[in-house]
Protein chains: 4
Amino acid sequence: MCSAPIPRSRTGRPRSARADAAILEATRAALVELGWSKLTMGDVAGRAGVAKTTLYRRWASKNELVVDAVAVLFDELELPDRGSLTADIEGVVRQFAALLERPETKTALMAVIAESTRDEPLRERIRVSIVERQKRLVLEGRRRAQARGELPTTSGTAPGTDDLIFDVIAGAVVHRALVSAEPVDAEWVRRFTALLLGGLAAAAAQP
Amino acid sequence: MCSAPIPRSRTGRPRSARADAAILEATRAALVELGWSKLTMGDVAGRAGVAKTTLYRRWASKNELVVDAVAVLFDELELPDRGSLTADIEGVVRQFAALLERPETKTALMAVIAESTRDEPLRERIRVSIVERQKRLVLEGRRRAQARGELPTTSGTAPGTDDLIFDVIAGAVVHRALVSAEPVDAEWVRRFTALLLGGLAAAAAQP
Amino acid sequence: MCSAPIPRSRTGRPRSARADAAILEATRAALVELGWSKLTMGDVAGRAGVAKTTLYRRWASKNELVVDAVAVLFDELELPDRGSLTADIEGVVRQFAALLERPETKTALMAVIAESTRDEPLRERIRVSIVERQKRLVLEGRRRAQARGELPTTSGTAPGTDDLIFDVIAGAVVHRALVSAEPVDAEWVRRFTALLLGGLAAAAAQP
Amino acid sequence: MCSAPIPRSRTGRPRSARADAAILEATRAALVELGWSKLTMGDVAGRAGVAKTTLYRRWASKNELVVDAVAVLFDELELPDRGSLTADIEGVVRQFAALLERPETKTALMAVIAESTRDEPLRERIRVSIVERQKRLVLEGRRRAQARGELPTTSGTAPGTDDLIFDVIAGAVVHRALVSAEPVDAEWVRRFTALLLGGLAAAAAQP
DNA sequence: GTTTAACCGAGACGGTACGTCCAGTCTTATT
DNA sequence: AATAAGACTGGACGTACCGTCTCGGTTAAAC
């Protein structure tokens, strides 16, 4: 998760690595306290004990800063082998839901996605920093299920299935948590996973 | 859509109904041209040929105004009887996807949902004006499928199933369209519907 | 002190005389509480228990309203015969100073004069309602002094002398009270009167 | 004239001295064109080619800005030795009258004095920036007249005489020019000076 | 005793300016 | 060349009044 792709010179005083970390941490703290729309660059700079100039030297805009600040949280997502596809899916859904419960994620994720609908570079940054980070879990889960024999091998699977599954899982959880604003509790996870697995099984039976 | 629930007096000059319509129309136009984050109250007022105070007399904030301006678009969603549950689901998915392709919806929907994570009244307004408007389609579709015998009657269905199905459908379509930023084309609709129906059938087989 | 020169019809419901009095009283109260620059038409209307429309039907602007509200205070100025020119002048200076100490006069008088430098109708209104009201005291005082034999008869006096005396008296008192912001106490009145009388005597000696 | 007594830091970008001058110049231009009551901060900022925030960083209010903009004009007042007390007084009266004829002074002076009746800091600013600047001319004139032997030495003069003379001169001229709205022409100056000198002589004769 | 025309209150209307806030840039001196 | 500090331009914010207008209703003189 590079902090900034802005080109750099070799000579002169090097940038403070400490500042980077402090800024991202301050950004998350500000998101928790103020939410996305009331977060200001000046406030973040103040919290980080850094001048505004230092922020702008690293990030071109508030949106990119927030994406980077939040992206690191998605690194926590893991897929330990829980022994069955059902357990793996339930695990990832629970993890993702827990991430969305965090106030910094909740307030920031939808906001930057909204901004990205009119900002191609931002969309790309989100794709790389956040979306792909999640999608790898789906790939890993499928591969593991195939190894276990719970799913047919790739040869018999239509292309784009991973993408479909990803949109269904991430979409359903986000919608439940943020739009419907209902808790993603154990019962919901169980039923959603059952629905998804049933669909996958049916799809596997008749491609 | 009611413009504002603010209590009104009986005396004095009545509010101009024309202004209400002009403002909402101007808001949609501004969303298309500028997107959510660059839309300003002053600009909307200018487009509507109305003073800024007239906007603030009716809507407390940009967010509430945008919700009302966009909400009316969700009234277009319908569920004509297409003869089978498959066809009904595909129809509603296509309609919803088409709505999300509209620039005013695309830029506004995620933004107001993001804001609503820190604004309870806004969340309620969204729930009433937008979410419930969509959810009724799920209820109607299920009732129709039960009448056709495609789904078991309510007695055998767990509570919350409608909500689950709604989150899956709406979530998947939104995620595909706005997060993954991929087209919701016929092929995707077909495969998503198949997945969902397979899951529903499996769930019905073993409650 | 006509309330308003705005042309009127003969028929229809006549204007409420009570409203006029209430508005002027409310204006003075608002001047005392808020001062000239924070006085608003809406506030005056509210205090008077009257609609804003009613104000504007009678006075074209805040300035004219304030002039009328304050002008009536200048009617209190009187020139009882105190037996000598010295006593008469000291009396009028003290009266005028007392008037300028009143908060409504203090805050309003300079303000409307300032406005009148760019508003000919307002200047005329001030001249008629306020300036001429004061000037008559000078005329009366001079006539009385001539009757007493303290001053030579008009035949020996240069034209414009009354105006000069008036500007000196009113100007000095206003400047002392509002610009220098020092009290117009008995000592100052005595010395100022002595100065003025000395000047008048010298002028009379050698026209 | 000092632009602002607000304490300043040592670090950071220093304030632009050019901006200060441009703002004061723009303020005077706006006073001439628009008068005091129609002068707006935004307009001044625009004329000065400066952002509104830059104005507010230096002056807390329109009133203080106008005082500073006008104060510099009072520096022009001088008292060259014209050889006699009469000539000196006539000279200063003419100068002061000429200053009051300038449109920026005419419209601004009474207005800020009016405001100062309810604003102690503003009154102090006016006293320092404007009143004291004028008063020194009276002191200088008296000293010179005493040196010439036209007036008795200080030992025989009551305290506060300078203040009295100042209020009489400034008050009479202001009243003539702004309230009576009559020209301060050579004839008026001659007669006013004669009146004042006569008074002074009489006062000197019998303290 | 009805017209009837002007009044009245209330409050919405189009405007203008306010004073504040923030984005993003620039200018210092310092490290 | 990066840094902290803070001034800079520009522009939107939400509020306050201005003076006008539209309501439903009232009032007293003229018919």
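Numbers restart at 1 for each chain; the letters A, B, ... are given by sequence-line order, proteins then strands. Source: prediction; values computed, not measured.
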Those residues at least two apart in sequence (or on a different chain) that pass side chain to side chain donor-acceptor pair (under 3.5 Å) with Arg127(A) are Glu124(A), Glu132(A)

List the residues meeting side-chain contact (heavy atoms from CB on, under 4.5 Å) with Ala29(B), not counting sequence neighbours, and say none if there are none.
Arg47(B)

Using atom CZ of Arg58(A) as one end and atom P of dG24(E) as the other, report the distance to the nearest whole Å.
17 Å

What residues, two or more places apart in sequence or in another chain, satisfy side-chain contact (heavy atoms from CB on, under 4.5 Å) together with Ala51(B)?
Thr53(B), Thr54(B)

Run the salt bridge (Lys or Arg N to Asp or Glu O under 4.0 Å) test on Asp20(C) and Arg58(C) for me, step by step, so that the C-alpha distance in whole Å, both residues' side-chain angles and the decisive distance to 0.1 Å come before the verdict.
CA-CA 8 Å; Asp20(C) 269 73; Arg58(C) 290 162 160 83; 2.5 Å; yes

If the helix axis at each end comes from five base pairs, how far does the helix from dG1(E)-dC31(F) to dT31(E)-dA1(F) deviate from straight, to 10°?
20°

CD1 of Ile23(A) versus C1' of dA2(F): gap in Å, rounded?
12 Å

Upstream residue (5' side of DNA chain E) when Ser16(C) and Gly49(B) are each assigned their closest nucleotide
Ser16(C)

Expressed in angstrom and rounded to an integer, what is the separation of Arg15(B) atom CZ from dA10(E) atom P?
17 Å

Looking at Arg18(B), I'd like to know whether one of its side-chain N or O atoms comes within less than 4.0 Å of OP1 or OP2 on dA12(E).
no

Hey, can you pull the donor-acceptor pairs under 3.5 Å for the side chains in residues 34-42 of chain A, sequence neighbours left out?
residue, atom, partner, partner atom, Å
Ser37(A), OG, Glu115(B), OE1, 3.2
Thr40(A), OG1, Asp43(A), N, 3.0

For Ser116(A), check side-chain contact (heavy atoms from CB on, under 4.5 Å) against everything at least two apart and list the hits.
Ile113(A), Leu122(A), Arg123(A), Ile126(A)

Distance below 4.0 Å between Thr54(C) side-chain N/O and dG9(E) OP1 or OP2
yes

Euclidean distance, Leu55(C) CG relative to Ile23(C) CD1, rounded to 0.5 Å
4.5 Å

Rounded to whole Å, how long is the line connecting atom CG of Leu55(D) with atom P of dA7(F)?
15 Å

Can you give one letter per nucleotide of nucleotides 15-20 of chain F, going 5' to 3': B for a protein heavy atom under 4.0 Å from the base, S for sugar-phosphate only, - for none?
BBBSBB

For Thr117(C), enumerate each residue passing the side-chain contact (heavy atoms from CB on, under 4.5 Å) test, keeping only those at least two apart in sequence or located in another chain.
Lys106(D), Thr107(D), Leu178(D)

